[in-house]
Amino acid sequence: MYLNNTENGLYGNFGGTYVPEGLSNELQNISEEFAKSKTDESFIKELNYYRKEYIGRETPLYYAERLSKHIGGAKIYLKREDLCHTGAHKLNNVMGQILLAKKMGKTRIIAETGAGQHGVATATACAMFGLKCSVYMGEADTKRQALNVFRMKLLGAEVISVSNGQKTLSDAVDAALEDLMANYSDTFYLIGSAVGPHPYPEMVKHFQSIIGQEALMQIAEKEQRLPDYVVACVGGGSNAIGMFSAFLDKPTVKLLAAEAGGKGLDTKEHCSTLGLGSEGVIHGYKCLLLKDEQGNIAPTHSISAGLDYPGVSPELSYYKTSGRLDSVAVSDEQALEAFLMLSKMEGIIPALESSHAVYAALQKAKELPKDNIIVVNLSGRGDKDVDTVHGLLNKTS
Ligand SMILES: *Cc1c(COP(=O)(O)O)cnc(C)c1O
């Protein structure tokens, strides 16, 4: 039901490497360097140093007592990734890949970004290490997320606006892959989620698995037992696979992925890849993919830009189809409800992405007895979303 290791990045039918020949050599180089670094004492020591001193790990596992009692069911614990530098789990992955890039002698980092969160995290770490940084961003997104474009520029990065296709995240990934193909001698492509061709899904999982490792130790210390449920929101799947990684081989722990239900699964405006996707190839890998009637990649929607991507982690795709992982779609409206509730009950304003996981956890908690335990990955803070929520509340009142 779960995988300890993968060969050539295959997770059952999912994953793999669907790229032009010019790219596969470089992917092989990255793969070999990653395999060496994973077990290299000095690499691990350096990564741990930056995790502690720069990202601010470890993050707390916080018992949301007032919220749990208000709901009247299982105990809810929050893994506070919102307290990481730059406000989300993204920097865990960025730091790992940047150290790898430096080890490979690369001097230029490129990245894709949708809402700008991964772009900002990458620009942040590049500033700290003094590396050149170019971030690809769809033209439509540069307009919707003008403040994050400015943030990246403040941090010294170049933002390259992509005007192909839908002018959004998917087009930015394509442009970044092309750049890598042309410039791999000095350039490293830092992918922001557990997606892309091998070895990226495995690499991103590895660098995010610190979330699950910490949570496992923390819950053992606080409760002397395993949780009954572990819940995380899924966009590309990096915070989810990072959290789940420590619990995959523990069959009593149920894993739940909260996806963007958008305006409803009966509309076309959602992003429920695990729930409604079917096998397909995007950005160099195979996964559960959202397609339209013609089999083309479908346009997606979510209230939270970070969940708005038609593909998903190949490993999560595998666990969904093998039955190890359950998924639930949380609508825009439900996510908003959880956003407001966590803010009021605990004094924690969550990212709209994370609010999907919080909502799913609240629903589960209601069904479960009081001695059950749910761990929720609070992937990010909501400061970036306050404006959006303000607008939505003004519209409805
Ligand atoms: C980017 C982002 C996500 C979605 O990305 P995953 O790779 O699915 O984790 C979720 N939450 C926050 C706060 C984000 O910034």
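Counting starts at 1 for both ligands and their atoms, following the listed order.
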If you draw a 6.0 Å radius around CD in Q218, do more than 12 non-hydrogen atoms from other residues or ligands fall strictly inside? yes
For the aromatic rings, using the six-membered ring if either is Trp, is the centroid distance between F14 and Y318 under 6.0 Å? no
Check contact between A240 and ligand 1, using heavy atoms of the residue and a distance below 4.0 angstrom. no
Run the numbers for me: atoms of ligand 1, each under 4.0 Å from some heavy atom of G236, listed by number. 6 (P), 7 (O), 8 (O)
Which residue holds the protein heavy atom closest to atom 4 (C) of ligand 1, what is that atom called, and what is the gap in Å? G306 O, 3.3 Å
How far is atom 2 (C) of ligand 1 from its nearest protein heavy atom, and which residue and atom is that? K90 NZ, 2.5 Å
How long is the straight-line distance from CD of E26 back to CG of N29, given to the nearest 0.5 Å? 5.0 Å
The atoms of ligand 1 lying under 4.0 Å from a heavy atom of G380, numbered in the order shown, are 13 (C)
In a table with atom names and distances, give each donor-acceptor pair under 3.5 Å that connects a side chain of residues 362-371 to protein atoms at least two apart or in another chain.
unit_1: Q363; atom_1: OE1; unit_2: K366; atom_2: NZ; d: 3.4
unit_1: K364; atom_1: NZ; unit_2: E367; atom_2: OE1; d: 3.4

Would a hydrophobic clustering, with Ile, Leu, Val, Met, Phe, Trp and Tyr connected at side-chain separations under 4.5 Å, put F188 with Y50? yes
Does an N or O anywhere in S238 fall below 3.5 Å from an N or O of ligand 1? yes
Of Q117, Q208, E81, the one forming a side-chain contact (heavy atoms from CB on, under 4.5 Å) with K90 is Q117
Counting heavy atoms under 4.0 Å, the part of H89 that contacts ligand 1 is side chain
Would you give the length of the straight line joining atom OG of S354 to atom CG of D82, rounded to the nearest 0.5 angstrom? 7.5 Å
Numbered in order shown, the ligand 1 atoms found under 4.0 Å of a heavy atom of G235 are 8 (O)
Atoms of ligand 1 less than 4.0 Å from G237 heavy atoms? 6 (P), 7 (O), 8 (O)
With heavy-atom distances below 4.0 Å as the criterion, list the atoms of ligand 1 near S193. 6 (P), 7 (O)
For atom 11 (N) of ligand 1, what's the nearest protein heavy atom and its distance? S379 OG, 2.8 Å
Mode of A351 contact toward ligand 1 - side chain, backbone, both, neither (heavy atoms, under 4.0 Å): side chain
Taking the ring of Y18 and the ring of H283, is the distance between their centroids below 6.0 Å? no
